[in-house]
Amino acid sequence: MARLVISECCGLTPLRLRGRGAGPAIALPAAPPSLAAGPRRPVTAIHREWALRVSAPTRLTSVVEEEGNRKVEEEARSPMAADNGGAFDPGAPPPFGLAEIRAAIPKHCWVKDPWRSMSYVVRDVVVVLALAAAAARADSWLVWPLYWAAQGTMFWALFVLGHDCGHGSFSSNAKLNSVVGHILHSSILVPYHGWRISHRTHHQHHGHVENDESWHPLPKRLYNSLDNMTKKLRFTMPFPMLAFPLYLFARSPGKKGSHFNPSSDLFQPNEKKDVLTSTASWLAMVGILAGLTFVMGPLKMLKLYAVPYMIFVMWLDFVTYLHHHGHEDKLPWYRGKEWSYLRGGLTTLDRDYGWINNIHHDIGTHVIHHLFPQIPHYHLVEATEAAKPVLGKYYKEPEKSAPIPFHLLEVLAKSLKSDHYVSDTGDVVYYQTDSKTSSAQSSD
């Protein structure tokens with residue numbers, strides 16, 4: 001049952017770089033301005049560099065994807081492409097391409113500053129240590145709940161910086177990205193390379209019903225195969241917000257493998273060493289926590305680490321879910337020839353988190369991040385503003401948040417009550433509601 005409850009929090013299978021036919025099946029779309037110069041390199045060299053540095057490169061797509069993008073974008077050139085009897089149709093091919101969005105983004109937004117990136121790491125680590133020291137010194141039940149909320153949020157901020165390392169947006173130095181990513185993610189019990197590699201699929205196949213493995217919808221036949229208890233756990237708060245640790249070990253419904261097993265079909269053979277390294281780092285952190293528990297006692301470690309860790313898990317599931325669900329208008333999911341990298345990316349959503357925006361490094365600017373994940377987080381807001389005129393109605397302006405984004409809890413609850421499954425057929429589909437599940441949730 002646990003496997004069927006696991007949320008699809010992150011990408012899960014590595015990108016296959018060969019097509020179905022013989023021979024290489026790789027195409028390189030136009031690079032951003034900051035990366036366009038320089039001599040051409042062999043495809044194999046580009047693949048090695050990409051696999052090490054970036055979890056979801058937008059420059060590297062399959063021949064099938066590029067041909068699909070080109071076809072879709074050619075069909076979309078008509079100004080009426082997204083017009084359905086005078087009403088905007090979010091599932092219609094957009095009248096612009098990736099190149100036009102890229103051209104609208106200022107060149108300096110592509111520049112990665114490792115010193116600036118490291119300054120955020122130093123800031124967050126200092127805050128984490130200061131919070132722990134203050135809470136341990138006070139050791140008061142009036143303080144602990146405040147500490148848990150603050151420290152859990154800071155653990156989430158550390159995750160986002162490690163996430164940037166995985167994308168290669170932290171710096172252009174692969175070794176620096178790997179070292180910092182391992183330290184940050186291991187400290188919060190995330191296997192850096194295992195997660196980085198699986199997250200690649202999420203970006204490469206965003207918006208695809210079967211291939212996108214980050215909170216992708218359940219086809220109706222799979223949904224109907226779930227028993228009532230599993231549906232309750234899958235769609236009833238708070239259970240979906242606690243799924244990430246299980247996902248790391250057992251993946252999501254209908255899929256096999258583990259983020260810790262180098263032989264898992266999540267990974268390519270040349271990635272096994274990376275996975276072993278990350279698994280060893282994860283085990284080392286488990287050992288450190290066990291030693292601290294022996295020295296300080298289980299209750300103190302529960303208060304200092306375990307509860308903040310669960311708050312971090314809730315943040316991760318909460319944010320990743322809302323970036324792909326919960327808009328007031330139903331958003332499309334794609335299959336087959338209707339899917340393209342651009343159309344899939346346009347189904348993602350930006351969110352405003354109020355004061356939390358700066359704390360978790362503007363991860364709410366999600367649309368541009370999905371289309372161009374190598375843009376550093378400190379340039380995402382500017383890049384988004386620059387791209388809005390091109391995106392037009394395909395960009396869904398986020399609801400303005402109060403200092404604390406309590407309004408998103410209502411959005412989450414509404415989505416869990418209505419976004420249950422999609423049709424088993426059709427290349428452009430939308431979430432449908434199971435009235436029985438919705439009624440059961442209301443009665444709870």
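Numbering of residues begins at 1 and proceeds along the displayed sequence.
Side-chain atoms of His360 and Trp156 include a donor-acceptor pair closer than 3.5 Å. Under 3.5 Å, the side chains of Trp215 and Thr320 contain a donor-acceptor pair of N or O atoms. In summary, the side chains of Tyr223 and Asp434 do present a donor paired with an acceptor at a separation below 3.5 Å, with no hydrogens or angles considered. Asp164 and His361 share no donor-acceptor pair across their side chains, judged by distance under 3.5 Å alone. Remark: the His199 side chain and the Arg196 side chain contain no N/O donor-acceptor pair separated by less than 3.5 Å. No hydrogens or angles considered: a donor-acceptor pair under 3.5 Å links the side chains of Asp227 and Thr230. A side-chain N or O of Ser171 and one of Asn177 form a donor-acceptor pair less than 3.5 Å apart. Between Ser415 and Tyr321, the side chains place a donor N or O and an acceptor N or O closer than 3.5 Å (distance only, hydrogens not considered).
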Yes or no on ring pair (Phe, Tyr, Trp, His ring centres under 6.0 Å) for Trp144 and Tyr147, after CA distance, side-chain angles and deciding distance?
-> CA-CA 5 Å; Trp144 284 119; Tyr147 166 77; 5.6 Å; yes
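Checked by atom type and distance alone, the side chain of Thr236 never pairs as donor or acceptor with a backbone atom of Leu233 at under 3.5 Å. Although no hydrogens or angles enter the test, the distance criterion places a donor-acceptor pair under 3.5 Å between the side chain of Arg351 and the main chain of Leu322. No side-chain donor-acceptor contact under 3.5 Å links Ser169 to the backbone of Pro376. Using modelled atom types, no side-chain atom of His420 and backbone atom of Thr433 make a donor-acceptor pair closer than 3.5 Å. Side-chain N or O atoms of Ser186 include none that pairs as donor or acceptor with a backbone N or O of Met285 at under 3.5 Å. Listed for the Asn357 side chain is no donor-acceptor partner under 3.5 Å among the backbone atoms of Asp362. Checking side-chain atoms of Tyr395 against main-chain N and O of Ala387 turns up no donor-acceptor pair under 3.5 Å.
Aromatic ring centres of Tyr431 and His325 lie closer together than 6.0 Å. Aromatic ring centroids of His377 and Tyr120 lie under 6.0 Å apart. In this structure, the ring of His182 has its center less than 6.0 angstrom from the ring center of Tyr192. Ring centroids of His324 and His366 are separated by less than 6.0 Å, placing the two rings close together. With ring centers used as reference points, His369 lies under 6.0 Å from His163. Trp110 has its ring centre less than 6.0 Å from the ring centre of Phe372.
Using cut-offs of 30° and 60° on the angle between ring planes, the pair Phe159 and His185 is parallel. Relative orientation of the Phe249 and Trp282 rings is perpendicular, given thresholds of 30° and 60° on the angle between their planes.
Crowding of Glu397 atom CD: a count of heavy atoms from other residues, nucleotides or ligands under 6.0 Å exceeding 12.
Ion pairing between Asp329 and Lys396 fails under the 4.0 Å rule for side-chain N and carboxylate O.
Across His205, His206, His167, a single residue satisfies ring-ring contact (aromatic ring centres under 6.0 Å, His included) together with His370, and that is His206.
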